[in-house]
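A short worksheet on the structure shown next.
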Amino acid sequence: MEALSPTMEEGQVVKWLKGEGDAVAQGDILAEIETDKATMELVARGEGVLRRVFVGEGAAAPVGDVIAIIAPEGEDIGALVAGLGGGRTAAADGAGASEADAGAATEAEAAAAKTPEASVAPVPDPTPVAPTTATPPTPTRVKASPVAKRLARDAGLDIATLQGSGPGGRVIKRDVEAAARAAAAPPTAAPAPPVSPWPAPSDTEFEDIALTQMRKTVARRLGESLGPVPHFFLTVDVDMTRALAARKRVNELLAARGAKASINDLVIKAAAVALTHHPECNAWWQGDSVRRFHRAHIGVAVAVPDGLITPVVRDAQAKGLGQISTEVRELAGRAREKKLQPHEYTGSTFSISNLGMFGIEEFTAVINPPEAGIIAVGAVEERPVAVGGEVIVQPRMRVTMSCDHRVIDGAQGARFLATLKSFLEEPAAILM
């Protein structure tokens, strides 16, 4: 089991793309492995034949454990299999009953021969019967581009059933995309009966859900943060009147490029610029030192079915709202598909978590070590406030900063939040 991400401790086999008995060339994709953050491809580092699979689909193994053996076809791997326990998984049953099985049978025969009381009755020769063996069908090689094969696999399509439009009938990218669109098209069938809005009652009292690799990592990281890291929290209430007006104007300009900025994109930009003014908050706790960064790499919390992941917008202080918006959408999309690469979710210097879209007014977020701070962004809501002795209604937003007190003191965190508030209340200062 290869370490496919910097924080990976174990991996779960999602799917074997090679089976026992298959030839393997260096660089071939052996399997899809679910890590703590994404589903990655396990690539062969040698060549030969996939002789034995030890970890079946759906099973997990720690990094460094042997999950399969690749060896030349004629090489004796019995001793190696025995040394590894000789275990087989359900996924490994079938192809190639192994040298270990043969060795076990030989030992059993030898033990029986050494038993003095054993008497073996002669067994008459059976009448020879001509064996009937079914000739397996010769597999047809499908001519297809590597991109087409990958797209077909991701879409769940059998590439052998597709009609190729490339040279010599080769299946290419557009053929797979057309088939995927056809498969996704709604069938022309009679309308389904109305579905009850209430869930059907369950026959069981409860169910236990196995932890995914991501959920295991989330649980471990929370234990490393909220307990050992001394958190304290600071909250500011921001007048978003000018921020909303600025966002509207920016989106009018971005419309021609097909882009659209959100309030969260504006918060990312404002926080990144504020961090360049307060590098003491743009820092990591290193145990025996504090590392301060001169560039702001912002981790943006994204909810996925298995938990939470923080793709990173690098050098956010130097990017415009349109570029930040595009990057966040692309990163979030790949995060939900478990296709992020390790460099896309590691190396953040500060993080942002936004639950405003769910109507949450205010909350506190847990720091992502070794970072020293994270801000929790609530919803923009119209609220009555006192201004100049009069009560008026303004769009307001609460921002709460969680600080690692080993790195950030109260006054330092307060100054950073004051700068962030000033940028959001006068966005021209960061959008000029």
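Nothing fancy with the numbering, it's 1 onward along the sequence.
Heavy atoms only, all atoms of each residue included: Ala31 and Trp16 are closest at CB-CE3, 3.7 Å. For Ala261 against Leu321, the heavy-atom pair with the smallest separation is CB-CB, 4.1 Å. In plain terms, the two heavy atoms of Ile268 and Ala316 that are nearest each other are CG2-CB, 4.0 Å. Closest approach of Val63 to Met8, counting heavy atoms only: CG2-O, 3.7 Å. The nearest pair of heavy atoms linking His231 to Ala365 is CD2-O, 4.3 Å. Heavy atoms only, all atoms of each residue included: Pro427 and Ala243 are closest at CG-CA, 3.8 Å.
Between the Asp265 side chain and the Ser262 main chain, a donor and an acceptor come within less than 3.5 Å of each other. A distance-only check finds no donor-acceptor pair linking the side chain of Asp409 to the backbone of Ala411 [under 3.5 Å]. A donor-acceptor pair is defined here as one N or O able to donate and one able to accept, closer than 3.5 Å; such a pair exists between the side chain of Asn282 and the backbone of Arg295. Put simply, the side chain of Glu32 never gets that close to the backbone of Lys15: no donor and acceptor are under 3.5 Å apart.
In this structure, NE2 in His277 is found 11.5 Å from CG in Leu420, a value given to the nearest 0.5 Å. Rounding to the nearest 0.5 angstrom, the gap separating the CD atom in Gln412 from the NE2 atom in His278 is 10.0 Å. In this structure, the separation between CZ on Arg153 and CD1 on Ile159 is 9.5 Å, given to the nearest 0.5 Å. Rounded to the nearest 0.5 angstrom, Gln341 CD and Lys339 NZ are separated by 11.0 Å. Lys18 NZ to Leu30 CG: the interatomic distance, rounded to the nearest 0.5 Å, is 7.5 Å. Rounded to the nearest 0.5 Å, atoms CE (Met397) and CD (Glu425) are 9.5 Å apart.
No salt bridge links Arg51 with Glu75; every basic N to acidic carboxylate O contact stays at or beyond 4.0 Å. A salt bridge does not link Glu361 to Arg383: none of the charged side-chain nitrogens sits closer than 4.0 Å to a carboxylate oxygen.
Using a 4.5 Å cut-off on side-chain heavy atoms (C-beta onward), Val13 and Leu42 make no contact. Ile408 is listed as a side-chain neighbour of Met401, based on a closest heavy-atom distance under 4.5 Å. Looking at Asp404 and Pro230, their side chains come closer than 4.5 Å, going by heavy atoms from C-beta outward. Put simply, the side chain of Arg257 does not reach to within 4.5 Å of the side chain of Thr326, judged on heavy atoms. Using a 4.5 Å heavy-atom threshold, the side chains of Met40 and Ser5 count as separate. A heavy-atom distance below 4.5 Å is found between the side chains of Val267 and Ile375. Contact of the Arg396 side chain with the Glu381 side chain is not registered, since no non-hydrogen atoms from C-beta on lie closer than 4.5 Å. For the pair Leu275/Ile298, a side-chain contact is recorded, criterion being any heavy-atom separation below 4.5 Å from C-beta on.
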Residues Glu10, Met1; criterion side chain to side chain contact (heavy atoms under 4.5 Å, CB included); working and verdict: CA-CA 8 Å; Glu10 69 174 10; Met1 179 63 70; over 6 Å; no
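Under the ring pair (Phe, Tyr, Trp, His ring centres under 6.0 Å) criterion, His343 pairs with no residue at all, not counting sequence neighbours.
Heavy-atom contacts from other residues, nucleotides or ligands closer than 6.0 Å to CZ of Arg314 number more than 12. Applying the 6.0 Å contact sphere to NZ of Lys421 captures more than 12 heavy atoms from other residues, nucleotides or ligands. Surrounding CD of Gln286 are more than 12 heavy atoms belonging to other residues, nucleotides or ligands, all under 6.0 Å away.
Judged purely by distance below 3.5 Å, without hydrogens or angles, the side chains of Arg329 and Ser325 pair a donor atom with an acceptor atom.
The aromatic rings of His405 and Phe232 are tilted relative to each other, their planes meeting at an angle between 30° and 60°.
A ring-centre distance under 6.0 Å is found for Phe416 and Phe350.
In summary, of the residues considered (Val399, Val313, Asn264, Ile374), a side-chain contact (heavy atoms from CB on, under 4.5 Å) with Ile352 occurs for Asn264 alone.
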